[in-house]
Number of protein chains: 2
Amino acid sequence: MGRAEKKRARQERLVREIGKNPFLKDEELAKKLKVSVATIRLDRTELGIREYRERIRDVAEHSADGTGDCGEVLDFNLFHDGISILNTLDAAVFEDSTVVKGQAMYAYAENLALSVINAKSALIRVANIKYLREVNRGDRLVAKYEVMRVKNSEYVVWVRIKKDMSEMFRAKFNLSVTDEREI
Amino acid sequence: MGRAEKKRARQERLVREIGKNPFLKDEELAKKLKVSVATIRLDRTELGIREYRERIRDVAEHSADGTGDCGEVLDFNLFHDGISILNTLDAAVFEDSTVVKGQAMYAYAENLALSVINAKSALIRVANIKYLREVNRGDRLVAKYEVMRVKNSEYVVWVRIKKDMSEMFRAKFNLSVTDEREI
DNA sequence: TGTTATTTATGAGCAGGTCATAAAAACAAA
DNA sequence: TTTGTTTTTATGACCTGCTCATAAATAACA
């Protein structure tokens with residue numbers, strides 16, 4: 001292996017390792033990849049990977065924040081529909097695998113459904129979920145969400161998530177708004 | 001207010017504030033409660049509340065671990081049913097409120113459903129969710145889960161969650177096992 | 001008034017970094 | 001073999017958000 005390929009291979013591995021376990025410190029990564037801590041830091045900055053503490057905070061905010069992750073919003077029409085790109089890099093996965101848990105997909109869908117009706121807080125009455133295909137950590141997903149019906153403060157919102165044009169996940173929520181966000 | 005009551009009141013408030021938002025640093029807490037940072041630190045150690053970074057890590061680990069929270073398991077019969085007590089103290093809530101998010105309830109239910117069929121990893125095909133009543137952070141919930149049907153590796157599992165005898169949440173999962181855990 | 005609980009301040013030390021800089025090593029091409 | 005370039009490693013100053021120990025200031029109460 002030439003110098004450049006070695007570097008590339010290592011950086012790829014770095015991404016995988018941190019993707020698998022964001023709770024690895026530079027020192028631990030250095031041991032794993034058998035290079036110096038300085039190299040790990042260099043690689044991280046080249047790859048735009050944040051430091052240990054910030055990664056941890058991201059994961060925590062993700063799970064605890066009030067607003068909820070709606071991904072990168074490409075299109076959005078309040079009370080109508082929207083399109084988002086979801087990055088599954090820090091979604092919860094099953095032990096020793098890269099398979100994203102249903103609960104992570106559900107959380108995405110719920111966040112999107114709430115966002116499209118501008119609900120800071122809403123009671124979900126019913127949720128019907130269909131998992132069509134296995135999602136893996138790192139998959140780049142496109143979510144389309146749409147308000148299908150409104151009656152009083154009762155909404156029906158659909159969320160459909162695709163990867164490479166093929167549908168992975170579908171959800172239908174019946175929501176009743178209790179508290180609208182000022183626009 | 002005497003000296004001791006003032007202290008007690010402040011410490012109670014401290015617990016509430018951190019409970020509501022674990023992402024508060026001592027400096028921010030000091031401003032909120034209008035005391036010095038030193039006092040906050042003293043209060044924290046007296047109350048056994050861990051420091052900012054450790055709190056964040058706790059939240060992150062909680063959300064990122066592969067196993068999933070199944071609460072305190074009171075009764076459990078593999079492939080049949082079980083009963084758990086769920087502590088909602090660190091469930092995700094809506095902004096500025098104590099209302100537990102649907103996604104937190106869903107995650108509990110999914111974890112329970114997976115545990116009862118001994119599935120380290122499983123594909124959920126369908127989930128039907130009914131939210132009957134609002135759950136608040138701190139509510140002590142009792143969850144009963146039961147395998148209703150099995151055919152090949154296809155399971156139907158029900159999860160019902162109650163608080164004080166009244167039903168709060170109901171879920172039905174259709175799961176297909178892909179990887180059984182050794183017993 | 002002094003005594004005592006409570007609060008605040010100060011300084012050293014730690015983990016896990018950033019950033020800038022420099023030296024060393026590895027390799028490719030002349 | 002020597003030179004040039006990339007890649008890796010090392011070093012030191014600085015940062016945040018703490019802990020821990022110690023001391024000083026403030027306030028409550030008898």
Side-chain angles (χ1 to χ4, degrees), chain A residues 1-67 87 89-90 92 137, chain B residues 1-65 89-90 92:
Chain A
M1 250 199 292
R3 57 200 168 173
E5 298 95 83
K6 223 166 137 183
K7 186 179 176 182
R8 241 205 17 244
R10 188 191 55 233
Q11 294 198 342
E12 270 169 26
R13 188 162 163 223
L14 188 62
V15 171
R16 277 207 317 278
E17 291 290 351
I18 295 182
K20 248 183 16 200
N21 178 11
F23 295 81
L24 288 169
K25 294 163 191 168
D26 286 352
E27 194 121 12
E28 297 164 325
L29 288 162
K31 254 178 213 160
K32 245 186 213 285
L33 307 209
K34 299 200 193 308
V35 286
S36 72
V37 172
T39 305
I40 295 293
R41 309 238 226 249
L42 248 180
D43 284 348
R44 268 202 304 103
T45 44
E46 277 179 23
L47 295 164
I49 298 176
R50 329 181 57 186
E51 65 164 279
Y52 170 81
R53 286 166 301 204
E54 290 176 354
R55 292 197 303 271
I56 300 316
R57 213 189 42 216
D58 287 349
V59 177
E61 271 169 358
H62 212 227
S63 90
D65 69 353
T67 54
N87 163 301
L89 264 177
D90 36 39
R137 180 179 261 158
Chain B
M1 252 200 289
R3 57 200 168 169
E5 298 95 83
K6 223 166 140 183
K7 187 179 176 183
R8 242 204 19 242
R10 188 192 55 236
Q11 294 197 343
E12 269 170 27
R13 187 160 165 225
L14 187 63
V15 171
R16 277 208 315 279
E17 291 291 350
I18 295 182
K20 244 177 29 193
N21 178 10
F23 295 81
L24 288 168
K25 293 163 192 168
D26 288 351
E27 194 122 12
E28 298 164 324
L29 288 162
K31 254 179 212 159
K32 246 185 213 282
L33 306 209
K34 298 200 193 311
V35 285
S36 73
V37 172
T39 305
I40 296 293
R41 310 239 224 246
L42 250 178
D43 284 349
R44 267 202 307 102
T45 45
E46 278 180 23
L47 295 164
I49 297 175
R50 330 181 56 184
E51 65 164 278
Y52 170 81
R53 285 167 302 204
E54 290 177 353
R55 291 197 303 270
I56 300 317
R57 217 191 38 219
D58 287 349
V59 177
E61 273 169 356
H62 203 250
S63 91
D65 70 355
L89 265 176
D90 38 37

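In what follows, every chain begins at residue 1, and chains take the letters A, B, ... in the order their sequences are listed.
- Looking only at side-chain heavy atoms (C-beta outward), B:V37 and B:R41 come within less than 4.5 Å of each other.
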Sugar-phosphate or base contact per nucleotide [nucleotides 16-22 of chain D; S, B, -; heavy atom under 4.0 Å] | BBBB---
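- Within the 4.5 Å cutoff, side-chain heavy atoms of B:F23 are placed close to those of A:R57.
- Take B:E46 and apply the side chain to side chain donor-acceptor pair (under 3.5 Å) test, not counting sequence neighbours, and it matches B:K7, B:Q11.
- Going from atom NZ of A:K7 over to atom P of D:dT6 covers 10 Å, rounded to whole Å.
- The nearest whole Å value for the distance from the CG atom in B:D43 to the P atom in C:dT6 is 11 Å.
- Here B:R50 pairs with B:E54, B:D58 under the side chain to side chain donor-acceptor pair (under 3.5 Å) rule; sequence neighbours left out.
- Every residue meeting the salt bridge (charged side-chain N to carboxylate O under 4.0 Å, His left out) condition with A:D43, not counting sequence neighbours, appears here in chain and number order: A:R10.
- Applying the side chain to side chain contact (heavy atoms under 4.5 Å, CB included) test to A:R53 and every residue at least two apart in sequence or in another chain returns A:E51, B:R53.
- Heavy-atom distances under 4.0 Å link DNA chain D to A:V35, A:S36, A:A38, A:T39 of residues 32-39 of chain A, given in residue order.
- Atom CG of A:L29 is separated from atom C1' of C:dG17 by 13 Å (rounded to the nearest Å).
- Residues satisfying the side chain to side chain contact (heavy atoms under 4.5 Å, CB included) test with B:E12, not counting sequence neighbours, are B:R8.
- Rounded to a whole Å, the NZ atom of A:K6 is 15 Å from the C1' atom of C:dA28.
- Under 4.0 angstrom from either OP1 or OP2 of C:dT7 there lies at least one side-chain N or O belonging to B:R10.
- Atom CD of A:E54 is separated from atom C1' of C:dT18 by 10 Å (rounded to the nearest Å).
- Protein atom CD1 of A:I40 is 14 Å distant from nucleotide atom C1' of C:dG16, rounded to whole Å.
- One atom, NZ of A:K31, and another, P of C:dG16, lie 12 Å apart when rounded to the nearest Å.
- For the side chain to side chain contact (heavy atoms under 4.5 Å, CB included) test, no residue two or more places apart in sequence or in another chain qualifies with A:E27.
- The side chain to side chain donor-acceptor pair (under 3.5 Å) test applied to A:R55 returns no partner, not counting sequence neighbours.
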Its dot-bracket string being built from Watson-Crick and G-U pairs below 3.5 Å, with | for another strand and [ ] for crossing, DNA chain C has the pattern ||||||||||||||||||||||||||||||
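- A search for side chain to side chain contact (heavy atoms under 4.5 Å, CB included) contacts involving B:K31 returns nothing, not counting sequence neighbours.
- Regarding A:L42, its CG atom lies at a distance of 16 Å from the P atom of C:dA22, rounded to whole Å.
- Residues passing the side chain to side chain donor-acceptor pair (under 3.5 Å) test with A:S36, sequence neighbours excluded: A:T39.
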